[in-house]
Amino acid sequence: MRIEEKKALLEMAEEKDFLILEDDAYGFLNPEEPTLKSMDRVGRVVYLTTFSKVLSPGLRLGLMVAHEDLIREFIKVKENVDGRNSSVSMALLYQSLRDNSFWEGLTRAKRIYEEKKDIMAEALDKFLPNAEWSYPQGGLFFFVRIKGINSGNLLNKVKDDVVFMPGAKFFFDNCGLDYFRLSFSYSSPPDIEKGIEIISKNIDSSELYK
């Protein structure tokens with residue numbers, strides 16, 4: 001979101017009296033500045049991020065920043081749901097933060113993801129020159145559009161070799177059929193190129209078009 005949009009959202013929250021949940025799961029990897037929470041002066045934003053994406057999925061630990069009154073209410077809810085987090089998980093996270101290994105690992109992860117992101121951008125230019133997409137400023141995904149196709153049909157055709165998320169899942173009214181989301185987080189650089197090449201070879205089939 002542009003800063004002007006963030007300011008407008010905060011003003012609307014104050015005017016209409018609602019809270020904003022800022023879900024910043026990939027914030028450690030690709031910080032978007034400023035966050036809504038950093039612009040919040042009256043405590044209307046609840047900021048969430050997670051260590052599962054950047055340290056270890058098995059830890060199941062997140063982080064919340066909110067007004068102290070809200071924090072107290074969230075603590076009551078959590079106590080009724082699961083009591084507390086694992087002491088072992090919290091001890092592992094604490095030690096990782098204390099000895100700096102968390103931040104060292106984060107630096108390596110950022111470098112690896114940046115390289116993969118560039119490789120995916122080059123592969124999109126090479127194999128899907130008519131596609132519409134923008135270079136991601138955050139997260140681990142490219143959101144791609146190829147006008148006229150049905151990405152759900154495309155996925156059914158290539159699913160034995162390539163997996164992606166059809167665009168219709170990101171629209172509330174089932175439009176966005178010609179969009180799809182690609183992730184560069186898990187696949188190796190050769191597999192990224194191979195996957196996009198496979199998509200390109202199957203894109204011209206008439207049954208893929210709406």
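Keep in mind that this is a model prediction, so the values were computed, not measured. Position 1 is the first residue of the sequence, and the numbers go up from there.
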Quiz item: Going from CZ on F74 to CE on M64, what distance comes out if it is rounded to the nearest 0.5 angstrom?
Solution: 4.0 Å
Exercise. Just do the side-chain contact (heavy atoms from CB on, under 4.5 Å) check on V144 and E132 with the steps written out, would you?
Key: CA-CA 6 Å; V144 182; E132 298 176 5; over 6 Å; no
Practice problem: Measure the spacing between CG of L55 and CZ of F28 and express it to the nearest 0.5 Å. | Solution: 9.5 Å
Practice problem: May I ask you to check whether Y113 and Y26 place their ring centres under 6.0 Å from each other? | Solution: no
Practice problem: Would you indicate whether R72, at its atom CZ, is surrounded by more than 12 heavy atoms from other residues, nucleotides or ligands within a distance under 6.0 Å? | Solution: yes
Quiz item: Should W133 and D125 count as side-chain neighbours, where that means a heavy-atom distance under 4.5 Å?
Solution: yes
Quiz prompt | Audit row: L9, L36, side-chain contact (heavy atoms from CB on, under 4.5 Å) steps and yes/no | solution = CA-CA 9 Å; L9 179 58; L36 277 166; 4.0 Å; yes
Exercise. Assess whether atom OH of Y135 is packed by more than 12 heavy atoms of other residues, nucleotides or ligands within 6.0 Å.
Key: yes
Practice problem: Supply the atom-to-atom distance D40 CG to E14 CD, rounded to the nearest 0.5 angstrom. | Solution: 9.0 Å
Exercise. Start with the C-alpha gap between D118 and F184, add the side-chain angles, then the distance that decides, and say whether side-chain contact (heavy atoms from CB on, under 4.5 Å) holds.
Key: CA-CA 10 Å; D118 288 340; F184 55 83; over 6 Å; no
Practice problem: Could you tell me which non-hydrogen atom of M120 sits nearest to which non-hydrogen atom of S183, and how far apart they are? | Solution: CE-O, 3.6 Å
Practice problem: Please test V54 against L29 for side-chain contact (heavy atoms from CB on, under 4.5 Å), starting from the C-alpha separation and ending with a verdict. | Solution: CA-CA 7 Å; V54 292; L29 292 170; 3.5 Å; yes
Self-check item: Check: T50 and L63 side chains under 4.5 Å, non-hydrogen atoms
Solution: no
Quiz prompt | Any side-chain heavy-atom pair of F18 and R44 under 4.5 Å | solution = no
Quiz item: Do I20 and V46 have side-chain heavy atoms sitting under 4.5 Å apart?
Solution: no
Self-check item: Plane angle bin for F143 and Y179 - parallel if under 30°, tilted between 30 and 60°, otherwise perpendicular
Solution: parallel
Quiz item: Between K37 and D24, is any pair of side-chain heavy atoms under 4.5 Å apart?
Solution: no
Practice problem: For K169, look at atom NZ and say whether over 12 heavy atoms of other residues, nucleotides or ligands are found less than 6.0 Å away. | Solution: no
Practice problem: Please assess E114 against R111 for the test salt bridge (Lys or Arg N to Asp or Glu O under 4.0 Å), listing each intermediate value before the final yes or no. | Solution: CA-CA 5 Å; E114 283 294 321; R111 183 179 67 251; over 6 Å; no
Quiz prompt | Which residues share a side-chain contact (heavy atoms from CB on, under 4.5 Å) with K194, sequence neighbours left out | solution = I198
Quiz item: Rounded to the nearest 0.5 Å, how far apart are NZ of K201 and CZ of F127?
Solution: 8.0 Å
Practice problem: Can you see which heavy atom on K116 is nearest to which on P189, and at what distance? | Solution: CE-CD, 4.5 Å
Practice problem: Kindly compute the distance separating CD (E73) from CD1 (I75), expressed to the nearest 0.5 Å. | Solution: 9.5 Å
Practice problem: Taking all heavy atoms of A66 and all of I71, pick out the closest pair and write down the distance. | Solution: O-CG1, 3.7 Å
Quiz prompt | Transitive ILVMFWY side-chain link M39 to M1, under 4.5 Å | solution = yes
Quiz item: So K76 and E79, salt bridge (Lys or Arg N to Asp or Glu O under 4.0 Å) or not? Walk me through it.
Solution: CA-CA 5 Å; K76 293 177 185 177; E79 288 175 345; over 6 Å; no
Quiz prompt | E22 to V45 - nearest heavy-atom pair and separation | solution = OE1-CG1, 3.7 Å
Exercise. State, with a plain yes or no, whether a side-chain heavy atom of M165 is found less than 4.5 Å away from one of F141.
Key: no
Quiz prompt | Sequence-distant partners of L61, side-chain contact (heavy atoms from CB on, under 4.5 Å), two or more places apart | solution = F51, L59, N85, S89, M90, L93
Self-check item: Exam field: side chain T107 to backbone W103, donor-acceptor pair closer than 3.5 Å
Solution: yes
Self-check item: L19 side chain reached by L70 side chain, heavy atoms, under 4.5 Å
Solution: yes
Exercise. Hey, could you give me the CD/CG distance between E193 and L124, rounded to the nearest 0.5 Å?
Key: 10.5 Å
Quiz item: Are S151 and D178 side-chain neighbours, meaning at least one heavy-atom pair lies under 4.5 Å?
Solution: no
Quiz prompt | R181 versus F164, closest heavy-atom pair with distance | solution = O-CB, 3.3 Å
Quiz item: If you look at every heavy atom in A131 and I146, which pair is closest and at what distance?
Solution: CB-CG1, 3.9 Å
Quiz item: So does Y94 have more than 12 non-hydrogen atoms from other groups sitting under 6.0 Å from OH?
Solution: no
Practice problem: Identify which one of L177, L155, N156 satisfies the side-chain contact (heavy atoms from CB on, under 4.5 Å) criterion when paired with P166. | Solution: L155
